[in-house]
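Order of the sequence lines fixes the chain letters, A, B, ..., with proteins taken first and strands second; residue numbering starts at 1 for each chain. Please read all numbers here as calculations on a predicted model, not as lab measurements.
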Amino acid sequence: MSTVDLLRAHAPSAPDALRERVLAARPTERVRVLRVRPVVVLAGAAALAIAAAFVHGFTTSAPAPVVVEKAPSVLRGAAATTTADSTAKLQTRVAAVPAQAAGRLQHTDASITVRVDDVGAMTNRATQIASSLGGYAQSVRYRSRGASYIELRIPAQHVKEALVRLAALGVLVSQQISIDDLTATLQRQSDQIAQLRRRIAALNAALRDTSLPESQRVLLQIKLAESKRALAQRVHGRKETIAAGQTARVSLVLTTRKQAAAVPHHRGRLDRMLHSALGFLAVEGMVVLFALIVISPFVLAGALVWWFRRRAVDRLLME
Amino acid sequence: MDVNAASSTVRLPRAGDRPSFDDVVAEQLDSVYRYLVYLTGDRAAAEDLAAETFEKAFRSWRRFDPRRAAPRTWLCSIARSVAVDWFRAETRRRRREETYARDVDTTAEFGDGLPGPLEAALRELAPAEREVIALRILLELDGPSAARVLGISHTACSTRLSRALKRLEEMTNDVDR
């Protein structure tokens, strides 16, 4: 009989007492367990992430609401951006720029983007338009890829005409117009100037009094000097306010057809949805990558602990 | 005899085929007990550890998945974990007692009526060697299952079994002479 057969033939059997002891702790009912495998969890998480990305893409790709320009007297930040196909509509809007209100001082600030074929020629044409209307080009900047940025100063009474003519240089892509009413500011500055003049007159009258003690005289002289300085500042400010009301600032951007075509609103709904979903997926990927980077040291430490414990068990059982 | 070719007699359940705990106890108690006797070399300790193993198994019975492992493999894994804790406690106890007194002579009895030379040879083997003999020969686990219980590769498991049997036979022959 071989060793293996002997070992099998004389294998020890569990005593009855042990069997009874173990059976005393048996369960009372059968258990049906649904075990969720990690791969199923991972697949579910991936499907959820993709679904979330597409839902995000779908909701964010809805057509952009049309911004309606607010009406007249104070237009602040009222903007309209649309596709090149609605040029006629924009031309109408440019034509609808409110005229200067009679008896009021207003500053107009406009920025328009026009798509042209020849940026250089149209830049010259824009400065000519400004000059012909009594204005000037404050700055002109060319960018390497067929775009130029022009800052124009146009007399307030001609700003409407200037915008119409500048828009006619090509296809109007976008416009933004804001009008600030400076009348109240001007009135306040005028009141302050009048008040300071009265004060200076009063101080001069007081200083003409020969019986005034020397200490009082010095004090009044100091106050007079301060009032004159304040008056000079107010007068300067009032001039600036008037100047701002008399000239409008027009920021003109001239771009080529290729650049204007890159405006994101030209994308279709499906394209925008896919683009947005991919962006969202990229963000999700970055979050997962960040989480992996954060937990990887702990995983490594855990693996080392597991390995050392296993080595210790091997040594223990080999003694 | 080609030990590696020995196939497990444990019936692998089909998906969703979950035995009752009573059946598992009835079928596997002897196997777990034998494994623990060989591993610890102490019958009294093996009884306690077997009881503890089934207690643990009962507590984690809900998590047992018959599609992933046979009940015998699963129980042996639990038994090994319980036995390792016992070995650690024993090592600490022996270290303490070595300071004050000589070690108590605990003569192990591995088999029921096993010939003396074979008993003596088994006693000389390391627990890890007896363990692999128990798993592969007494419990007749297949190579991958035994390797899984031991936490080593299939090749390492075969090598360990081969060396253990060789040593066992060498020692038995020495005693016989």
Side-chain angles (χ1 to χ4, degrees), chain A residues 1-47 296 298-319, chain B residues 1 3 6 16 18 20-22 25-26 29-34 37-39 43 46-48 50-51 53-55 58 61-65 67-68 80 83-84 87-88 91 109-115 118 121-122 126-131 133-134 137-140 151-152 165 168-169 172:
Chain A
M1 210 174 191
S2 71
T3 305
V4 170
D5 293 335
L6 277 172
L7 290 172
R8 280 186 182 147
H10 298 282
S13 297
D16 291 339
L18 173 61
R19 194 172 299 276
E20 287 167 11
R21 185 175 160 188
V22 170
L23 283 173
R26 69 185 182 278
T28 53
E29 59 182 22
R30 287 173 71 94
V31 182
R32 184 80 186 165
V33 180
L34 178 64
R35 189 179 179 88
V36 182
R37 290 169 178 267
V39 67
V40 175
V41 174
L42 278 176
S296 58
F298 299 102
V299 172
L300 188 65
L304 279 174
V305 168
W306 175 83
W307 187 76
F308 278 115
R309 282 180 67 88
R310 196 176 139 181
R311 286 285 303 272
V313 168
D314 286 346
R315 279 200 302 273
L316 190 69
L317 297 184
M318 288 306 286
E319 285 174 356
Chain B
M1 178 187 174
V3 178
R18 188 184 175 87
S20 71
F21 192 74
D22 276 5
V25 172
L29 182 60
D30 277 338
S31 298
V32 172
Y33 177 70
R34 283 167 190 163
V37 166
Y38 268 60
L39 182 57
R43 287 206 174 206
E47 279 188 39
D48 290 340
T53 297
F54 279 95
E55 278 178 28
F58 173 48
W61 180 239
R62 284 174 177 274
R63 293 197 299 273
F64 169 62
D65 184 358
R67 291 169 297 189
R68 296 177 58 140
R80 189 172 200 265
V84 165
F87 270 104
R88 288 198 182 107
T91 307
E109 192 181 329
F110 292 100
D112 295 336
L114 200 64
L118 198 52
L122 279 172
E129 291 171 319
R130 290 198 302 265
E131 178 184 30
I133 289 173
I137 293 171
L138 299 192
L139 275 62
E140 299 184 2
I152 57 179
L165 285 175
L168 194 63
E169 287 184 356
T172 311

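For B:Val84, the parts lying near chain A are the backbone and the side chain together; criterion is any non-hydrogen pair under 4.5 Å. Residue contact with chain A, scored on non-hydrogen atoms closer than 4.5 Å, involves the backbone and the side chain of B:Leu114 alike. Looking at B:Ile133, the atoms closer than 4.5 Å to chain A (heavy atoms on both sides) all sit in the side chain, from C-beta outward. Proximity to chain A is absent for every atom of B:Arg130, based on heavy atoms less than 4.5 angstrom apart.
Taking 4.5 Å as the limit, some side-chain heavy atom of B:Asp48 sits within range of a side-chain heavy atom of A:Arg21.
If you look at B:Trp61 and B:Phe64, their ring centroids are closer than 6.0 Å.
Although no hydrogens or angles enter the test, the distance criterion places a donor-acceptor pair under 3.5 Å between the side chain of A:Arg8 and the main chain of B:Ile137.
Here A:Leu7 is the residue among A:Leu6, A:Leu7, A:Thr3 with the most heavy-atom pairs under 4.5 Å with chain B. In terms of heavy-atom pairs under 4.5 Å with chain A, the best-connected choice from B:Ala46, B:Ala26, B:Gly151 is B:Gly151.
Within 6.0 Å of atom CZ in A:Arg309, 12 or fewer heavy atoms from other residues, nucleotides or ligands are found, so the atom counts as exposed in its surroundings.
Looking at every heavy atom in both residues, A:Ala14 comes nearest to B:Asp30 through N-OD1, 2.8 Å.
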